[in-house]
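Side-chain atoms are counted along with the backbone in the values below, which use heavy atoms only and exclude waters and symmetry mates. Everything quoted here is computed from the prediction, not taken from an experiment.
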Amino acid sequence: MAYHTPNRLDQAFDILEDGQVSLIAGGTDWFPMRGDRISGEALLDVAALPGFRGISRADGLWRFGAATRWSEILRADLPPAFDGLKAAAREVGSVQIQNAGTIAGNLCNASPAADGVPPLLTLEASVELVSRAGRRALRLDDFLTGVRRTDLRQGELLAAVLVPDPPAGALGGFVKAGNRRYLVISTAMVAMLLRPVDGRIAEARVAVGACSPVAMRLSQLEADLRGQLLDRSPLDEPPPAVTPAHLAPLTPISDLRGSADHRRELAGELIGRLLADLKRRGAD
């Protein structure tokens, strides 16, 4: 097996054009998926390419290099709106996996249960794709096209994840549930971003993962949350609950981790828990 670690983009493009090659950064998904099978295909490790590592901010845009490790995201000094992404980073496998696994690998693997996707959706992230033809930016929800499917074209590399400055005062959160406590593939997971203003929810973004081929935002729920009080007195009307109509866009499957009905019900429960937590934080 040929293993390439180029440190220049032109070298990487030469390798891509030379024949069948698999792209890796940390390899934490690629190697386990092959088990003990011997593969003759070449590997292209992008971790040493310029601009593919680290977190920076310029002109109102946060840039996460493709090969940035989850442990680096956990240690980064980021605004509270990124707390959901940090919470997801803490759930990406073991500490050893967090020290090797990368943000772009999590996206390119395109699992419906990828922990990083829901919080990045609430952050309205996009991806930066590079090729010999140049660079293009694509919204994350357009890049992810299905189970294990992306819009990464032949000869392209995902160079970075881009996040616009979140709204001032926004709070982020993430929660997941599975059949055991640690090292779990999610049965359902929820990310949320709330922007509190004058004791009310001025903006809400809610994304659910592991309950559809691609994690998705729930636009009707987001609209119904806007204007809710953060801290209600006993005399106030109760806020609208998460209804079946809010969850209708989800298309969960039944498998060993849970039935479709269980997943949908669990998603609603997780939304309620996370919403209560963020409303408490916003009211403090």
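In this structure, His4 NE2 and Gln11 CD are separated by 11.0 Å, a value rounded to the nearest 0.5 Å. To the nearest 0.5 Å, atom CD1 of residue Ile103 and atom CH2 of residue Trp70 are 4.5 Å apart. Between Ser126 atom OG and Glu124 atom CD the span is 10.0 Å, to the nearest 0.5 Å. Going from atom CE of Met192 over to atom CG of Leu270 covers 9.5 Å, rounded to the nearest 0.5 Å. One finds the CG atom of Leu9 at 7.0 Å from the CG atom of Leu157 (value rounded to the nearest 0.5 Å). Atoms OG and CZ, on Ser254 and Arg263 in that order, are 7.5 Å from each other to the nearest 0.5 Å.
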Checking side chain to side chain contact (heavy atoms under 4.5 Å, CB included) for the pair Phe13/Val130: CA distance, chi angles, key distance, verdict?
CA-CA 10 Å; Phe13 295 142; Val130 296; 4.3 Å; yes
Might you work through the side-chain hydrogen bond (donor to acceptor under 3.5 Å, both in side chains) test for Asp224 and His246, ending with a clear yes or no?
CA-CA 9 Å; Asp224 289 346; His246 292 139; 2.7 Å; yes
Yes or no on side chain to side chain contact (heavy atoms under 4.5 Å, CB included) for Arg257 and His262, after CA distance, side-chain angles and deciding distance?
CA-CA 10 Å; Arg257 291 190 294 278; His262 172 66; over 6 Å; no
Applying side chain to side chain contact (heavy atoms under 4.5 Å, CB included) to Trp30 and Leu43, what does each step give before you reach the verdict?
CA-CA 10 Å; Trp30 193 89; Leu43 289 180; 3.4 Å; yes
Let me see the working for Gln96 and Asn99 under side chain to side chain contact (heavy atoms under 4.5 Å, CB included), right down to the final yes or no.
CA-CA 5 Å; Gln96 294 91 332; Asn99 285 335; 5.7 Å; no
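With Asn106 contributing its side chain and Gly116 its backbone, the two residues share a donor-acceptor pair below 3.5 Å.
Between Arg226 and Glu203, none of the side-chain N atoms (NZ, or NE/NH1/NH2) sits under 4.0 Å from a carboxylate O, so this pair counts as no salt bridge. A salt bridge between Arg264 and Asp261 is present, with a side-chain N of the basic residue lying under 4.0 Å from a carboxylate O of the acidic one. A salt bridge does not link Arg217 to Asp141: none of the charged nitrogens lies less than 4.0 Å from a carboxylate oxygen. Remark: Glu17 engages Arg132 in a salt bridge, criterion side-chain N to carboxylate O under 4.0 Å.
Here the closest heavy-atom approach between residue Leu158 and residue Ala104 is recorded as CD2-CB, 3.9 Å. Across all non-hydrogen atoms, the minimal contact from Leu140 to Leu107 is CD1-CD1, 3.9 Å. The nearest pair of heavy atoms linking Arg69 to Ala25 is NH2-O, 4.3 Å. The minimum heavy-atom distance linking Thr102 with Gly26 is given by the pair CG2-N, 3.8 Å. In plain terms, the two heavy atoms of Ala89 and Leu74 that are nearest each other are CB-CG, 3.9 Å. The two residues Ala210 and Ser186 make their nearest non-hydrogen contact at CB-O, 3.8 Å.
Side chain to side chain, Asn109 and Arg148 meet the donor-acceptor criterion of an N or O pair below 3.5 Å. With 3.5 Å as the limit, one finds no donor-acceptor pair spanning the side chains of Thr5 and Asp45.
In the hydrophobic clustering (ILVMFWY side chains linked at under 4.5 Å, chained through shared members), Leu61 is joined by Leu162. Within the hydrophobic cluster formed by Ile, Leu, Val, Met, Phe, Trp and Tyr side chains joined at under 4.5 Å, directly or through other members, Ile253 stands alone, with no partner residue.
With sequence neighbours excluded, the residues that form a side-chain contact (heavy atoms from CB on, under 4.5 Å) with Arg136 are Leu129, Leu138, Asp151, Arg153, Glu156. A search for side-chain contact (heavy atoms from CB on, under 4.5 Å) contacts involving Ala137 returns nothing, not counting sequence neighbours. For the side chain to side chain donor-acceptor pair (under 3.5 Å) test, no residue two or more places apart in sequence or in another chain qualifies with Thr150.
For the salt bridge (charged side-chain N to carboxylate O under 4.0 Å, His left out) condition, the pairs that include at least one residue of residues 4-13, sequence neighbours left out, are Arg8-Asp10.
Gln98 has its side chain out of reach of Ser94: every pair of non-hydrogen atoms, C-beta onward, lies at least 4.5 Å apart. Asp115 has its side chain within reach of Met189: a pair of non-hydrogen atoms, C-beta onward, lies under 4.5 Å apart.
Leu171 is not connected to Phe174 by any chain of hydrophobic side-chain contacts under 4.5 Å among Ile, Leu, Val, Met, Phe, Trp and Tyr, and they are in different clusters. In the hydrophobic clustering of this structure, Leu193 groups with Leu120; members are Ile, Leu, Val, Met, Phe, Trp, Tyr whose side-chain heavy atoms approach within less than 4.5 Å, directly or through other members.
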